There are 2 protein chains.
Amino acid sequence: MDKSEADEPVLAAFPAKAHDHGHCVAEALQAAEAVCAERGQRLTDLRRQVLALVWNRHEPVRAYDLLEQLRDEKRNAAPPTVYRALDFLLDNGLIHRIESLNAYVGCGAPHNAHAGQFLICRDCSAVAELDDPEIARSVTTRARELGFRVQRQTIEVMGLCPDCGPD
Amino acid sequence: MDKSEADEPVLAAFPAKAHDHGHCVAEALQAAEAVCAERGQRLTDLRRQVLALVWNRHEPVRAYDLLEQLRDEKRNAAPPTVYRALDFLLDNGLIHRIESLNAYVGCGAPHNAHAGQFLICRDCSAVAELDDPEIARSVTTRARELGFRVQRQTIEVMGLCPDCGPD
DNA sequence: ACACGAAGTGTTATATTATTACATTTCGGC
DNA sequence: GCCGAAATGTAATAATATAACACTTCGTGT
């Protein structure tokens with residue numbers, strides 16, 4: 001694992017149009033195995049399947065889309081099936097929830113706890129995940145000035161990614 | 001109107017425990033009238049009623065809570081009744097939607113278009129609305145470095161307000 | 001004043017997202 | 001192998017939001 005990853009503000013950049021996506025998925029699953037092993041958490045078949053489905057695209061995926069896909073392999077899957085797996089993955093920082101879309105994306109740096117900041121393309125739905133300390137600090141600093149104790153930052157930025165929004 | 005308001009990072013601070021809340025509502029309605037008049041938009045009775053209900057507390061309010069309250073005065077109110085009013089109020093910047101709560105709060109500075117940043121207390125649900133240029137700039141700057149064109153920032157911070165989270 | 005078209009609202013139905021409650025199965029430690 | 005805890009199956013329902021179409025109201029132009 002890249003030890004410097006925690007210091008980089010960009011945890012998951014916009015993917016190149018054609019990249020070895022199988023590699024992304026494989027790497028994510030491997031990282032998830034490692035994280036769960038470390039913590040004594042059980043990455044069951046079901047949870048692994050759902051995580052793989054989330055990672056199938058570099059886009060936010062909705063719970064009922066996951067459910068539909070999951071049913072291909074598991075005919076009796078129901079909403080709680082998916083939501084329980086998502087809850088587990090969220091709790092363990094393996095995925096993030098995009099509040100403004102009611103959707104979920106794979107986490108690019110599951111080893112380090114972080115809330116993250118997300119850049120989401122309106123056109124192609126691609127997502128980049130950041131963990132920029134300066135952004136986080138600017139929020140925390142102002143909040144503290146107002147006597148507010150920050151527990152969690154939700155930062156979601158809609159706009160156009162490099163491919164979709166030429167300058 | 002206070003001309004300096006657009007330059008202040010805090011658009012709506014946490015309210016004092018006991019304040020003249022009737023004044024908040026009255027002021028919000030008056031500001032809404034002014035904004036709509038300026039833009040040739042119609043602040044109908046229904047929209048005014050919904051806006052008043054949103055302003056009844058300095059907390060995010062959910063659509064179906066509004067609906068229930070609205071039915072006291074308007075027995076035939078249905079979901080679209082509320083959602084259409086909310087859409088109008090959102091479009092005109094008279095309220096904001098808190099994505100992480102599926103809820104709505106009154107806007108403290110409806111004259112100036114802004115996405116805002118929100119500090120939300122986990123304990124008492126009070127909300128402070130900011131429009132801090134430094135926070136916005138830290139986001140925009142990093143995004144631009146990545147070739148991302150920002151259209152809208154959603155920034156919602158959960159934590160403890162001064163009353164609920166003593167240092 | 002009146003007719004017209006656009007905007008707003010009423011009404012019913014339904015789509016989408018998420019949770020509750022309880023039964024059953026699986027897993028890991030002993 | 002047995003036990004308790006964790007995970008999953010299953011049915012029902014809650015919570016949030018929108019679609020579609022009918023009807024009413026409003027402002028404008030004449």
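The chains referred to below are lettered A, B, ... by the order of the sequence lines, with proteins before strands, and numbering in each begins at 1. As the structure is a prediction and not an experimental result, all values here were calculated from the model.
Contact annotation: B/N76 side-chain N/O to C/dT11 OP1/OP2 distance is under 4.0 Å. Look at B/T44 and you won't find any side-chain N or O under 4.0 angstrom from OP1 or OP2 of D/dT25. Here B/K74 does not reach the OP1 or OP2 of C/dT9: none of its side-chain N or O atoms lies under 4.0 Å away.
Rounded to a whole Å, the OH atom of B/Y83 is 12 Å from the P atom of D/dA15. Note: CZ (A/R62) to C1' (C/dA15) measures 11 Å, nearest angstrom. When rounded to the nearest whole Å, the span between CD of A/E99 and P of C/dA18 equals 9 Å. Put simply, CG on A/L86 is 12 Å from C1' on C/dT17, counting in whole angstrom units. Rounded to an integer number of Å, the gap from CG of A/L90 to P of C/dA18 is 10 Å. Spacing between atom CD of A/Q49 and atom P of D/dA7 amounts to 16 Å, rounded to whole angstrom units. Atom CZ of A/R47 and atom P of D/dG9 are 11 Å apart (whole Å). Distance CG (B/N102) to C1' (C/dA18): 10 Å, rounded to an integer number of Å.
Using modelled atom types, no side-chain atom of A/H111 and backbone atom of A/A109 make a donor-acceptor pair closer than 3.5 Å. In this structure a side-chain-to-backbone donor-acceptor pair under 3.5 Å is present from B/T81 to B/A78.
In this structure, the side chains of B/F88 and B/C36 come closer than 4.5 Å at one or more pairs of heavy atoms. Side-chain contact between B/Y104 and B/P60 is absent, with no heavy atoms from C-beta onward closer than 4.5 Å.
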Item to complete: Check step by step if salt bridge (charged side-chain N to carboxylate O under 4.0 Å, His left out) holds for B/D65 and B/R62.
Response: CA-CA 5 Å; B/D65 285 348; B/R62 291 169 301 161; 3.2 Å; yes
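Across all strands shown, B/R97 has heavy atoms under 4.0 Å from sugar-phosphate atoms exclusively, and none from any base.
The aromatic ring of A/Y64 stacks onto the base of C/dT17, its centre lying under 5.5 Å from the centre of the six-membered base ring with the two planes under 30° apart.
Take A/H23 and apply the ring pair (Phe, Tyr, Trp, His ring centres under 6.0 Å) test, not counting sequence neighbours, and it matches no residue. Remark: B/F118 engages B/H96 in a ring pair (Phe, Tyr, Trp, His ring centres under 6.0 Å) (not counting sequence neighbours). Taking A/R47 as the reference, nothing meets the salt bridge (charged side-chain N to carboxylate O under 4.0 Å, His left out) condition, with sequence neighbours excluded.
When each of A/A103 and B/A85 is assigned the nucleotide of DNA chain C bearing its nearest heavy atom, the one mapping closer to the 5' terminus is B/A85. Between B/A78 and A/D87, the residue anchored closer to the 5' end of DNA chain C is B/A78, taking for each the nucleotide with the nearest heavy atom.
Under the 4.0 Å criterion applied to side-chain N and carboxylate O atoms, B/R48 and B/D45 are assigned as salt-bridge partners. For the pair B/R142 and B/E145, the salt-bridge criterion is met [side-chain N within less than 4.0 Å of a carboxylate O].
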Interface polar pairs with nucleotides 21-25 of chain C, N/O, under 3.5 angstrom:
none

Pull out every protein N or O sitting under 3.5 Å from an N or O of nucleotides 28-30 of chain C, one pair per line with the distance.
none

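Interatomic distance, A/R71 CZ to A/L66 CG, rounded to the nearest 0.5 Å: 12.0 Å.
Shown here is A/E68, whose CD atom has no more than 12 heavy atoms of other residues, nucleotides or ligands within 6.0 Å.
At its two ends the helix from C/dA1-D/dT30 to C/dC30-D/dG1 runs along axes set 30° apart, each axis drawn from five pairs and the angle rounded to 10°.
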